[in-house]
Amino acid sequence: MTKVFLDAKALSDLAIEGLLEKKGKNIVRLDLRDTEGAVTDFFVICTGTSDRHVEALSESVVKVIKEKAEERPLSIEGKESGEWVLTDYFNVVVHIFQEEKRNFYRLEDLWGDSEREEIPESFAA
């Protein structure tokens, strides 16, 4: 099988696909490419309803991206607690929160000068 190289936007589409497969809530994509001080191209942010749901969402993202793009994350952090899992693909970082943690950290507000896209449940890349 030939490895498929995807740009950051296409990789973020796959992350969103993985989140939607496990019914992630309130999915938002932040385009940070033109944002001063950004350390990545895209944030994909999602809410899970429990620690198990957060874990399932994270696993789904990794599975979809591995199957469709043969990419593995550089790191995955936070799986132990299940309150906030960060999956880092270098140019795309996926943040999966339980609602309380998402409301506390408010990443969308911290990066409020970036382009924001709310992902509908019927999203198709």
* **Test side chain to side chain contact (heavy atoms under 4.5 Å, CB included) applied to Lys66 and Arg72, step by step** => CA-CA 6 Å; Lys66 182 180 176 195; Arg72 296 178 191 273; 3.4 Å; yes

With sequence neighbours left out, what residues match [X] under salt bridge (Lys or Arg N to Asp or Glu O under 4.0 Å)?
X      : result
Asp34  : none
Lys23  : none
Glu118 : Arg116

Using the rule that Ile, Leu, Val, Met, Phe, Trp and Tyr join whenever any side-chain heavy atoms are under 4.5 Å apart, tell me whether [X] and [Y] fall into a single cluster.
X     : Y      : result
Phe42 : Val39  : no
Ile45 : Leu110 : yes
Phe43 : Ile16  : no
Leu57 : Leu86  : no

Any [X] side-chain heavy atom under 4.5 Å of [Y] side chain:
X      : Y     : value
Val85  : Ile76 : yes
Val62  : Pro73 : yes
Ile119 : Val28 : no
Glu21  : Val64 : yes
Leu32  : Asp41 : no
Asn26  : Cys46 : no

* Minimum heavy-atom distance between Ala69 and Leu6, given as atom pair plus value ->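 Reported closest heavy-atom pair: CB-CD1, 3.6 Å.
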
* To do: Output the distance between atom NZ (Lys68) and atom CG (Leu11), rounded to the nearest 0.5 Å.
  => 12.5 Å

* To do: Working to the nearest 0.5 Å, report the span between OG1 of Thr35 and CZ of Arg33.
  => 10.0 Å

Scan the side chains in residues 89-100 for donor-acceptor partners under 3.5 Å anywhere in the protein, sequence neighbours excluded, and list what turns up.
{"residue": "His95", "atom": "ND1", "partner": "Trp84", "partner atom": "NE1", "Å": "3.1"}
{"residue": "Gln98", "atom": "NE2", "partner": "Gly82", "partner atom": "O", "Å": "3.0"}

* Working for side chain to side chain contact (heavy atoms under 4.5 Å, CB included), residues Asp31 and Ser114 -> CA-CA 6 Å; Asp31 184 342; Ser114 64; 5.8 Å; no

* To do: Mind running side chain to side chain contact (heavy atoms under 4.5 Å, CB included) on Arg29 and Glu115 for me, showing each step along the way?
  => CA-CA 8 Å; Arg29 173 171 35 208; Glu115 185 179 324; over 6 Å; no

Return all side-chain donor-acceptor pairs below 3.5 angstrom for residues 47-55, not counting sequence neighbours, or 'none' if the list is empty.
{"residue": "Thr47", "atom": "OG1", "partner": "Arg102", "partner atom": "NH1", "Å": "2.8"}
{"residue": "Thr49", "atom": "OG1", "partner": "His53", "partner atom": "ND1", "Å": "3.2"}
{"residue": "Ser50", "atom": "OG", "partner": "Arg52", "partner atom": "N", "Å": "3.4"}
{"residue": "Ser50", "atom": "OG", "partner": "His53", "partner atom": "N", "Å": "3.1"}
{"residue": "His53", "atom": "ND1", "partner": "Thr49", "partner atom": "N", "Å": "2.8"}
{"residue": "His53", "atom": "NE2", "partner": "Lys22", "partner atom": "O", "Å": "2.8"}

* Hey, is the main chain of Ala10 close enough, under 3.5 Å, to the side chain of Asp7 for a donor-acceptor pair? ->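 The answer is yes, because a donor-acceptor pair under 3.5 Å joins these two groups.
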
* Which salt bridge (Lys or Arg N to Asp or Glu O under 4.0 Å) pairs, counting each pair once, include a residue from residues 75-94, with sequence neighbours left out? -> Glu59-Lys79, Glu83-Lys101

